[in-house]
Peer 1: 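Encoded as C-alpha cells, here's the structure I'll be asking about.
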Amino acid sequence: MTAAAQFLPAARRSKRMNPARWGLYAFIFITALYFLLPLYVMVVTSLKPMAEIRQGNLLALPMSPSVDAWVKAWTSACTGLTCQGIRIGFFNSVRILVPSVAISILVGSLTGYALSLWRVRGANILFGAMMVVAFIPYQLFIYPLVRVFSFAGLGQSLLTIVIIHTIFGLPTMTLLFRNYFASLPVELFKAARVDGAGFYQIYARIMMPMATPMVVVAVILQTTGIWNDFILGLVFAGRDNLPMTVQLNNIVNSTQGERAYNVDMAATLLTALLPLAVYFGSGRWFVRGIAAGAVKG
Amino acid sequence: MKRTLFASVAIVAAAWASVPVSAEEMKAEVIHWWTSGGEAAAVKVFADQFTKAGGTWIDSAVAGAPNARNAAISRTVAGNPPTAMQLNTGKQFDELVEGDLLADVDVVATEDNWKGVMPAAIVAAATRNGKMYAVPVNIHGQNWLWYNKTVLASVGAAEPKTWNDALAILEKLKVDGKVIPLAFSGQKNWEQNLFNAVMIGVGGAQMWTGILGKRDAALAGSAEFKAVAVTYKKLKDYVDAGAPGRNWNDATNLVIQGKAGMQIMGDWAKGEFVAADKIPDKDYGCTVLSNGSGGYIMGGDVFVFPKAKDPSTTKAQMTLAKLMLTPETQIQFALKKGSIPVRGDVDTSALDACAQKGMRYVADKAQQMPSGDMLAPPALIGALQDAISQYWNTNMSADEFSAKVAAVLKSQE
Amino acid sequence: MRLSLNSRLSAFSALLPALLVMLVVYVGATSWTVWMSLTNSRMLPNNNFVGLRQYEMLLGNDRWITSVHNIVIYGVLLVSLALVVGFLLAVAIDQRVRAEDTIRSIYLYPYSMSFIVTGLVWQWLLNPTLGIQHVLRSWGFEGATFDWIVRPETAIYCLVIAGVWQASGLVMAIMLAGLRGVDEEIWKAARVDGLPKWRVYVSIIVPMMGASFATAAVLLSTGVVRLYDLSVSMTNGGPGIASEVPAKFVMDHLFERANIGLATAAATTMLITVIAVVAPYLYWRARKGGMR
C-alpha cells in the first residue's frame with residue numbers, strides 16, 4: 001500500500017493492474033508460499049511410498065506418485081481391531097458437529113448480545129469471569145465434569161458431548177459477539193427500542209442479520225475447534241459416537257508400532273476436508289456494507 | 001438459522017432415544033493403546049481367542065498411553081468402567097488397588113500356576129497385598145542395541161559386548177566419517193531410555209535397583225554414578241545435529257539404510273526392520289550391553305480389570321485373564337507384537353533370532369531386571385526424565401547432574 | 001435508558017445458560033482444582049491436605065520456571081506477529097482481489113488441521129538434516145544455516161513460526177469481518193476528501209476496529225496460555241526442557257506422570273496469573289464508561 005494507491009472511485013471497482021496492485025499481488029504470493037509450504041510437504045509425502053520417504057528428501061516430488069496411502073487412510077488403515085480407515089468416524093463427527101456449532105453460537109450470541117447492549121446488573125462480573133476461564137486449559141475440567149455428568153445421570157452420550165462443546169465454546173463465542181455488537185452504531189439499537197421492539201425481536205431481526213460476517217467467523221472457530229477436538233469426544237461422547245479424530249489419533253499416534261507417514265499425512269488431510277469446505281464455502285457471506293444498508297433501511 | 005437449529009435438536013433427540021439394549025452374553029470392552037498395523041494384529045490375537053471362547057470383544061483402542069489411561073481412569077472413577085484396560089507393567093495401578101477399584105485375578109493365576117512360569121520381577125509387579133491384580137501379557141526388552149552389520153563390518157568391528165566396546169566402535173565410525181555413529185531420537189523419553197541403558201550397562205544391577213528401587217540419594221552422589229553420567233554424556237559426541245525432536249522410528253531407519261551405525265531402542269524397533277524386509281543376524285544385529293551384573297530391562301504391558309457388579313462381566317474378565325496367558329496365545333501375540341512371551345515354558349522356535357536371544361536373557365535370573373516403571377511411581381520417573389533431559393541437552397556437569405538426581409530422589413517421599 | 005420489567009426479564013433469561021454454566025461448571029471445577037492443589041493427590045484425586053507443599057515443589061522445579069519463561073516469549077511474539085500478519089492479510093484481501101475465496105482459504109487452511117501432524121511437518125521442515133537448511137545446502141548454498149529447532153536457546157522461536165502460520169488465518173477472518181462491517185459511507189467520505197488509502201487505514205479504520213483487535217488478541221492469548229499440542233508434536237518440549245510450556249507441564253503431570261497435586265498447583269498458578277492480568281483491565285474498562 002503506497003501513497004500511489006490513490007483512492008479513486010474507479011480504483012475500487014476495476015481490477016486494473018498498476019504498481020500498487022503488483023505489490024499487492026506479490027505480497028499475497030509470498031505469504032501464500034509460507035502458508036502453503038507445509039501443505040506441499042504433506043501432499044507430496046502422502047503420495048510417496050514409505051521406501052521413498054525413508055530417503056529423507058522432504059521437498060522432492062514423488063518419483064512414482066500413488067494414491068494408495070489415501071485409499072488406505074480412508075478405507076483400510078487399522079485404528080485398533082477395526083481396519084476400516086478413518087471413514088467410520090466421519091458421520092459421528094458430523095452428528096456431533098452440527099448441533100454443537102448451532103447451539104454454541106446461539107447461546108454465545110445471545111449472551112454476547114445481552115452483555116453488550118443491555119445494561120444488566122453484574123454483566124461486567126459475569127463477562128470478566130468468563131474471560132478468566134477462557135484461559136484455563138480445559139483438560140483440567142475433565143475429571144470434575146465426568147463426575148458432574150454422571151451425577152446428573154447423563155453419562156456419555158451425544159447430548160453430553162453437545163453440552164460439553166457448548167460449555168467450552170461459551171466464553172469465546174460470547175467474547176466474539178459481545179465485542180462485535182458493541183462496535184456497531186448504537187443508534188440502530190436505540191431506534192429499534194424507540195420503535196418498541198423487545199429484547200428477542202431486536203436480537204433476531206436486527207442484530208443477528210448484521211452480524212453475518214461475525215457468524216461466519218464463529219462458525220469457522222467452532223467448526224474447527226469441535227471437528228478437531230479429540231480428548232472431549234473420547235471422554236464424553238460414548239463409544240458409539242466417537243469422532244473421527246479418535247481414528248486419526250489411532251493412526252497417527254501409535255507409540256511402538258511402525259509408522260506410515262504417507263498414511264498419516266493422507267489421513268490428516270482427509271480429516272481436514274470438512275473444515276476446509278466450510279472455509280471455502282463461507283466466502284459469499286463475507287459481504288460488505290451491511291451496516292450501511294441497514295442504516296438506510 | 002432456525003431450521004438448522006430445529007434439525008439439530010431433532011438429531012439430538014433421536015440419538016438420545018436410541019439407548020443400546022444390553023444382552024446377556026459375555027461381553028468385554030477393552031481399552032488399550034495398540035492401534036497401528038503390527039500392534040493391532042497383536043491385540044487381535046486376544047480378541048479372536050475371546051470370540052472363540054464364546055465372548056464378544058468390544059474394542060476401544062485409543063492411541064497414546066496417556067490418552068488411553070485418561071479415558072479408562074475417568075470412566076472407572078465415574079462408575080462406568082471398561083471390562084479391561086491396558087497399563088504398563090509397573091506401579092500405574094497402585095492407586096486403583098488402594099481405592100478398591102480393581103478385581104484381583106489370583107484365582108486364575110493360582111489355577112494356571114502363573115507364578116511358576118513367569119519371571120519373579122514380573123509376578124511381583126503384578127502383585128499387591130499378596131494377590132495378583134494384573135495380567136502381564138508380554139515382555140519388552142528396553143535396552144537393546146541394534147546395529148547395521150554392513151556398517152560395523154566396514155570399520156572392522158564385531159558385535160560389542162560392553163559399553164566400552166560400543167564406545168570404541170562409535171569412535172571408529174566417527175573417525176571414518178561416512179555415517180552417523182549413533183542414531184538417536186532426541187525426545188525426553190528416549191533420552192531417558194538411553195540413560196537407563198547406560199546406567200545398567202555401566203553401573204550394573206546394584207546401581208539400577210539402588211537408584212530406582214531404593215531411591216538411594218547417597219548412591220546418586222557416588223563415583224560409580226558419576227561414571228555412568230560421564231559415559232552417557234560422551235555419547236552425545238556421536239549423534240548428529242538432526243537428532244533433537246526426531247521420532248524413534250526415524251532413527252531406526254537411519255540404521256536400516258546404513259546412514260547410521262547403531263541405535264539403543266526397545267525391541268519394538270524390530271517392527272521397522274521387518275517393515276523394511278531386513279533379516280536379523282544377516283542385515284542387522286541385536287544385543288544387550290552389560291558389565292556382567294544384570295542386563296535385560298524388562299518392560300511390558302498388563303491388563304487390569306475394574307470391579308464389576310454384573311456377574312457376567314466378572315466372568316468375561318476371568319475368561320480374558322485366563323486366555324491371555326495360554327501358551328498358544330502367548331506365542332502368537334509375541335510374534336505379532338515383536339515382544340517375547342511372559343511365560344518361559346513356551347515353544348520359542350517360531351520366534352526370530354533376536355526374540356530368542358531375549359528369551360535366553362530372561363531365562364537367566366541374574367539378567368532379569370525390572371523396568372523403571374516397576375520400581376518407581378510415574379511421578380519419580382518423570383522427574384528423573386526432566387533431569388536427564390536437561391543434562392543431555394545443556395552443558396551441565398556430571399557433578400551438578402548427580403546432585404540434581406539426588407535431590408529428585410529425596411523429594412519424592 | 002430505563003428498561004421495562006419485561007425487557008429486563010428477557011435479558012436475564014438470555015443470560016441464564018451462561019450463569020448456570022459459570023456457577024455449576026466453572027466455579028465448581030475451578031474450586032475443585034484449587035482444592036486438589038492443596039492435597040498430595042497422585043493418579044486419583046484424594047483429600048490428604050498438605051498445605052502449600054505442591055507450590056513449594058513447583059517453584060523449585062526447573063521445568064516449570066523454564067515453561068513460564070517460554071510462554072512469555074511465545075505469547076508476546078505470537079500475539080503481536082499474528083495480529084500484524086493477520087491484519088495485513090485481511091487488508092490485502094479487502095482490495096477486491098481476484099480469487100478471493102481461494103486466497104482466503106489458503107490463509108485459513110492451517111487453522112483447520114490438528115497440530116498432531118502439522119507439528120511433525122514443521123519439525124521436519126526446520127530440522128537441519130532434513131528440511132530447509134538441507135535443501136538450501138543441496139542447492140549449493142553451503143553456508144546456509146537454519147538450525148533453531150535443535151538449539152535450546154532458539155527452539156521456542158520455532159514454535160512461534162508454526163504458531164503464526166496457524167493463527168494468522170483466523171485473525172485475518174476476524175479482521176475481514178471487521179473491515180466489512182465498516183460503513184460504506186466512511187469510504188465514500190474519505191474518497192471525497194482525497195485521502196490516500198493507506199492513511200484511511202491507519203488513521204480511520206484501525207482506530208474503528210478496536211473491538212476486532214481486542215477480540216483477536218484475546219482469542220490468541222487464550223491459545224497462548226493453553227498452548228500444548230504444538231509443543232508436543234513439534235519439539236516435545238525439547239531439546240531438553242528448552243521449549244516446555246505451562247499447559248504441557250499441567251497435562252504431563254495430570255496424566256502421564258500421575259501427579260494431580262502438582263498439576264493442579266501449576267494450573268492454579270496459571271489461573272491466578274490470568275486473574276491478576278485480566279481483572280485490572282476489566283476494572284479499568286468498567287470505570288472508563290461501562291459497557292460502551
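Below, chains carry the letters A, B, ... as their sequence lines are ordered, and counting in each starts from 1. For clarity, every value in this text was computed on a predicted model and none was experimentally measured.
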Peer 1: Taking the side chain as C-beta and beyond, is there a heavy-atom pair between B:Phe46 and A:Leu81 under 4.5 Å?
Peer 2: no
Peer 1: Find the distance between CZ (A:Arg259) and CG (B:Asn253) and round it off to the nearest 0.5 Å.
Peer 2: 11.5 Å
Peer 1: Are any of the side-chain heavy atoms of A:Gln247 and B:Thr35 separated by less than 4.5 Å?
Peer 2: no
Peer 1: Surrounding NZ of B:Lys44 (heavy atoms of other residues, nucleotides or ligands, distance under 6.0 Å), is the total greater than 12?
Peer 2: no
Peer 1: If you round to the nearest 0.5 Å, how far is CZ of A:Phe149 from CG of B:Asn80?
Peer 2: 14.5 Å
Peer 1: Is B:Lys259 close to chain A through its backbone or its side chain, or both, or neither, when contacts mean heavy atoms under 4.5 Å?
Peer 2: side chain
Peer 1: Might you confirm whether atom CZ of A:Arg87 has over 12 heavy atoms from other residues, nucleotides or ligands at distances under 6.0 Å?
Peer 2: yes
Peer 1: Compare every heavy atom of B:Ala61 with every heavy atom of A:Gly80, then report the nearest pair and how far apart it is.
Peer 2: CA-CB, 3.6 Å
Peer 1: Quick one: pull up CD1 in B:Ile58 and CG in A:Asp240 and give me the separation to the nearest 0.5 Å.
Peer 2: 9.0 Å
Peer 1: Could you check if a side-chain atom of A:Asn253 sits within less than 4.5 angstrom of a side-chain atom of B:Asn67, using non-hydrogen atoms only?
Peer 2: yes
Peer 1: Side-chain contact test, heavy atoms from C-beta onward, threshold under 4.5 Å: evaluate it for B:Ile256 versus A:Arg54 and give yes or no.
Peer 2: no
Peer 1: Taking the side chain as C-beta and beyond, is there a heavy-atom pair between B:Ser74 and A:Ile142 under 4.5 Å?
Peer 2: yes
